[in-house]
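Worksheet: the structure to be examined is printed underneath.
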Amino acid sequence: EVQLVESGGGLVQAGGSLRLSCAASGFTFDDYAIGWFRQAPGKEREGVSCISSSYVTTYYADSVKGRFTVSSDHAKNTVYLQMNRLKPEDTAAYYCAAVVGLCDPMVPWNEYDYWGQGTQVTVSS
């Protein structure tokens, strides 16, 4: 059974940090890129970051560049999203998703193969 399980969300004050985890199982982790997306109420789903299995390619949305860092632990089949200097506008449900191949910001979210259940991040001002 394919599973992507996010954890690490929570409530944090502006300027604080959180680290999200995405634990993958049930598929060949090395064959997939893992993307992080977020969706706030009333807004469209937004691509935040992604990382390819080979570590060669990473991507960050302009809104998070310099504040978020994506990394991957192949021994644990887990991808992390370190989020620093959080802002209230970062408040959203965060999802990880897997797509075959390399990290490509041009791949729309609805072409990703597998999705986690999401974890809520709330940043208070």
Side-chain angles (χ1 to χ4, degrees):
E1 179 189 6
V2 172
Q3 280 194 314
L4 290 171
V5 180
E6 301 100 334
S7 61
L11 173 64
V12 64
Q13 288 189 332
S17 298
L18 286 172
R19 188 178 79 156
L20 304 184
S21 299
C22 173
S25 61
F27 61 94
T28 306
F29 187 72
D30 290 352
D31 292 342
Y32 286 75
I34 301 295
W36 285 98
F37 297 82
R38 65 186 181 186
Q39 189 165 19
K43 294 189 176 181
E44 292 189 356
R45 190 164 300 192
E46 174 190 17
V48 174
S49 181
C50 68
I51 185 167
S52 63
S53 60
S54 62
Y55 308 104
V56 171
T57 309
T58 59
Y59 160 79
Y60 298 96
D62 287 343
S63 57
V64 306
K65 202 171 293 184
R67 299 188 297 122
F68 290 12
T69 303
V70 65
S71 62
S72 181
D73 185 337
H74 280 238
K76 297 182 178 179
N77 281 8
T78 299
V79 171
Y80 303 98
L81 185 67
Q82 178 67 42
M83 306 186 297
N84 298 328
R85 304 200 310 274
L86 282 160
K87 305 175 181 180
E89 51 264 45
D90 294 318
T91 295
Y94 282 71
Y95 301 88
C96 65
V99 66
V100 171
L102 299 177
C103 167
D104 183 352
M106 299 305 294
V107 174
W109 66 265
N110 57 359
E111 292 188 13
Y112 274 67
D113 299 297
Y114 308 120
W115 286 83
Q117 83 289 351
T119 186
Q120 179 67 34
V121 171
T122 303
V123 184
S124 63
S125 56

Between Asn84 and Ser17, is the side-chain hydrogen bond (donor to acceptor under 3.5 Å, both in side chains) condition met? List the steps. CA-CA 4 Å; Asn84 298 328; Ser17 298; 2.9 Å; yes
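Residues Arg38 and Val64 have side chains in contact (heavy-atom distance under 4.5 Å, counting atoms from C-beta outward). Side chains of Ile51 and Cys103 form no contact here, defined as non-hydrogen atoms less than 4.5 Å apart. Looking at Asp90 and Arg67, their side chains come closer than 4.5 Å, going by heavy atoms from C-beta outward. You'll find the side chain of Val48 reaches within 4.5 Å of the side chain of Phe68, heavy atoms only.
Annotation: cation-pi geometry not satisfied between Arg19 and Trp36 (NZ/CZ under 6.0 angstrom from ring centroid, within 45° of ring axis).
A pairwise comparison of heavy atoms in Ala92 and Ala40 identifies CB-N, 3.8 Å as the closest pair.
For the ring pair (Phe, Tyr, Trp, His ring centres under 6.0 Å) with Phe37, the lone residue among Tyr94, Tyr112, Trp109, Tyr95 that qualifies is Tyr112. The side-chain contact (heavy atoms from CB on, under 4.5 Å) test with Ser72 is passed by exactly one of Val79, Thr58, Ile34: Val79.
Aromatic rings from Tyr32 and Phe27 are positioned such that their centres are separated by under 6.0 Å.
Note: Glu111 CD to Met106 CE = 10.5 Å, rounded to the nearest 0.5 Å.
A donor atom on one side chain and an acceptor atom on the other are found under 3.5 Å apart for Ser63 and Glu46.
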